[in-house]
Protein chains: 2
Amino acid sequence: MSLVDERQLRVLRELGELGSVTAAAEALRVTPSAISQQLRLLQRSVPVPLTEREGRRLVLTPAGRALADAAIEVETALARARHSVEEFLGRADGRVSVAAFHSAAAAFWPHLVRALSAPGSPRLAFADEDVAQDDFPPLTREYDIVLAHRLDHAAPWPRTVSVTALLHEPLDVALPAGHPLTAKPRLSPRDVADEPWITVHDGFPLMATIEAIAAAADRRLHLAHRINEFAVVAQVVAAGAGIALMPRWTARPHVGVALRPLVGVNARRHIDALHRPERAARTAVRTVLTELRSAAAAISSQAPGDTEPRS
Amino acid sequence: MSLVDERQLRVLRELGELGSVTAAAEALRVTPSAISQQLRLLQRSVPVPLTEREGRRLVLTPAGRALADAAIEVETALARARHSVEEFLGRADGRVSVAAFHSAAAAFWPHLVRALSAPGSPRLAFADEDVAQDDFPPLTREYDIVLAHRLDHAAPWPRTVSVTALLHEPLDVALPAGHPLTAKPRLSPRDVADEPWITVHDGFPLMATIEAIAAAADRRLHLAHRINEFAVVAQVVAAGAGIALMPRWTARPHVGVALRPLVGVNARRHIDALHRPERAARTAVRTVLTELRSAAAAISSQAPGDTEPRS
DNA sequence: AGTGAATATGTAGCAGTACTACAATGTCCC
DNA sequence: GGGACATTGTAGTACTGCTACATATTCACT
């Protein structure tokens, strides 16, 4: 019985529905002999007759009809399997996993939640991932979409991932409220080179800008603290432990911290959505990408005084 | 996509569950190379990657997982199909069609209905078929069980059908109440040869006994009427239109009709259940056959004064 | 850093299977 | 009884899935 296969079941079913070997053969585009042989093969696995002669035609016995009915289920399941990939790709409400580093997560995810809460929208699965720049692309193996950042002049993303540009965000200098430098509307590398710095850990994107400031000022900076998380950085800056680079749009404003634009070095970061090219074959993933772009537009224009043209 | 077959889906599913080509190969008792080739073949039909490398192992992508899930349904349906014949054979409550000629139907079917009314019993499908003797065996093509009758010396049933003997029923002479012959406890062919006869149509089983009476009495009988249905015969006999042969047990008694045993010719008929041998592979069919046998025992002993040994 | 074990993939050849073409057998209908 | 129709059997062919073996890649351990 275990060598009953789909082909034989299909033949049996056609015979049952069409009522003759010849008709089944035409339907399956083979010779009647092929049908006859498949039936003989199938019969070998079953101890009761599945077919019987009726005059010169061949028809199913009740046992044959029982098996032919089961064959319908097999074909249904196979058809469903054959369409399951398209279904998977086409589902509007599929699960979409989105990873992001902290500041992008805080800025983008609330937008996504609001925009995609209606039934029929993609179901979101968030995960925060604060990793060094090189480690963003590999995350696309695990997540459908990865929000990543890199500095203007850093190495571009590898070509194995697709990139959707979201923000080109200025990095400002964060000063404690009341610090003397807050008097200046914009700061040069020389202005800030002697202050104690709070920076990200080595390997993280913003570090390159810190190094650019040191180079432009021709000084060795004093790296007092290494803190990745901007919410913590803001607290420590406000407490007067040093100054820091902070993103203009995606970090939550802090009353004890003033932001001043930096001139003389290119202090900007790209925030991009990375994904493997084939993941965008899914409708749900494309929906989230579209929503991310419109969230980016909202984010970059949310503080009118701070938008790029005027910085 | 249409060349996705069960084998490829099975391979994909094993890969998904076991997590490596080698493990899937062991599970399916083939070499890893075979697995790899089947996966390549499957991938050819699908426009998005189903698998991806993870270190030195191979794992499913989300699309692959979607297809593997569908593969489970396919295997389930196939397993069900492979067991559907046993299920069909083993079901206690399967449908069993029973054909019978009129007097057997009237005598046996009420027993069957009473005995097999509990839930879980075979579901009965009755059909009355009053045919000539030669036409009983072919009815086994259409019905699971056929109640048929034949006379003692008639040709036996062909060996293509299985026979379950039910009754060996005496045929008595039916006389109008008050007819002079009712005075005799038993009748010889000579006693009845000059009466007007009511017989079945030519070709029907009882006809041979009529001819035997004529031969034994060396007379030509007067065949006044040809009526197959015993209920009608009884009415006409009671009305005085003639005498007739009637089965002792399976014809309903009629107040205007007296039955007298016939001696000197072998006047008995066999009532048998005929079926194709393979139909008895079904539990439900065997249940009905058993019930028919016990019904036969009840019928032949229901009128104690008329049982065979005393006739 | 290097080496060996583990894993997957490619290639060639082999074996089993499903098909076609054709012949034979059986059935229906006039 | 003859001709058309239908199924089955037989021999040969094409295809497909497998094994064996070689190769490439990754991992773990020293």
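Sequence lines set the chain letters: A, B, ... in the order given, protein chains first and strands last, and positions in each chain run from 1. Keep in mind the model is a prediction, meaning the values are calculated, not measured.
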Please state how far atom CG in D5(A) lies from atom P in dT16(D), giving the value in whole angstrom units. 15 Å
My understanding is that only residues two or more places apart in sequence, or in another chain, count here; which of them pass salt bridge (charged side-chain N to carboxylate O under 4.0 Å, His left out) with R150(B)? none
Could you list by number each residue of residues 19-27 of chain B showing a heavy-atom separation from DNA chain C of less than 4.0 Å, or answer none if no residue does? S20(B), V21(B), T22(B)
Nearest-Å distance for atom pair CG/P, residues L12(A) and dT7(D): 14 Å
What contact category does I35(A) fall into here, base, sugar-phosphate, or nothing, at under 4.0 angstrom with non-hydrogen atoms? nothing
Judged by nearest nucleotide, the residue sitting upstream toward the 5' end of DNA chain C, S36(B) or V30(A), is S36(B)
Here the salt bridge (charged side-chain N to carboxylate O under 4.0 Å, His left out) pairs for residues 153-164 of chain A, sequence neighbours left out, are none
Note: R7(B)-D5(B) ion pair, threshold 4.0 Å (strictly below): no
Is the backbone N or O of V48(B) less than 3.5 Å from a side-chain atom of Q43(B), with the two atoms forming a donor-acceptor pair by type? yes
Just N and O in the side chain of R40(A): are any of them under 4.0 Å from OP1 or OP2 of dG9(D)? yes
Applying side-chain hydrogen bond (donor to acceptor under 3.5 Å, both in side chains) to D152(A) and not counting sequence neighbours gives H168(A), N266(A), H270(A)
Without decimals, in angstroms, what is the distance between L41(A) CG and dT10(D) P? 15 Å
Does any N or O in the side chain of R282(A) come within less than 3.5 Å of the main-chain N or O of R95(A), such that one atom is a donor and the other an acceptor? yes
Any salt bridge (charged side-chain N to carboxylate O under 4.0 Å, His left out) pairs touching residues 126-143 of chain B, not counting sequence neighbours? E52(A)-R141(B)
Value in whole Å for how far the P atom of dT8(D) lies from CG of L42(A): 13 Å
DNA chain C: first to last nucleotide in contact with chain A (atom under 4.0 angstrom from a heavy atom), 5' to 3', is dA18(C) to dC28(C)
Once you round it to whole Å, what is the distance between P of dT7(D) and CD of Q43(A)? 16 Å
Check whether any side-chain N or O of Q37(A) sits under 4.0 Å from OP1 or OP2 of dT10(D), and answer yes or no. no
Taking only residues at least two apart or on different chains, which pairs with a member in residues 201-210 of chain A satisfy salt bridge (charged side-chain N to carboxylate O under 4.0 Å, His left out)? D202(A)-R226(A)
T209(B): side-chain hydrogen bond (donor to acceptor under 3.5 Å, both in side chains) partners, not counting sequence neighbours: none
Shortest non-hydrogen contact from L67(B) toward S84(A): CD1-OG, 3.2 Å
Hunt down any stem DNA chain D takes part in, defined as 3 or more consecutive Watson-Crick or G-U pairs whose two distances are each under 3.5 Å. C:1-30 with D:1-30
Does any pair with a residue in residues 14-31 of chain B pass salt bridge (charged side-chain N to carboxylate O under 4.0 Å, His left out), and if so which ones, sequence neighbours excluded? R10(B)-E14(B), R13(B)-E17(B)
Results of ring pair (Phe, Tyr, Trp, His ring centres under 6.0 Å) for H149(A) - residues two or more places apart only: F101(A), F136(A)
For nucleotides 21-30 of chain D, print each protein N/O atom paired with a nucleotide N/O atom at under 3.5 Å, atom names and distance only.
{"from": "dT26(D)", "atom 1": "O2", "to": "R56(B)", "atom 2": "NH1", "distance (Å)": "3.2"}

Residue R44(A) excluded, over 12 heavy atoms near CZ under 6.0 Å: no
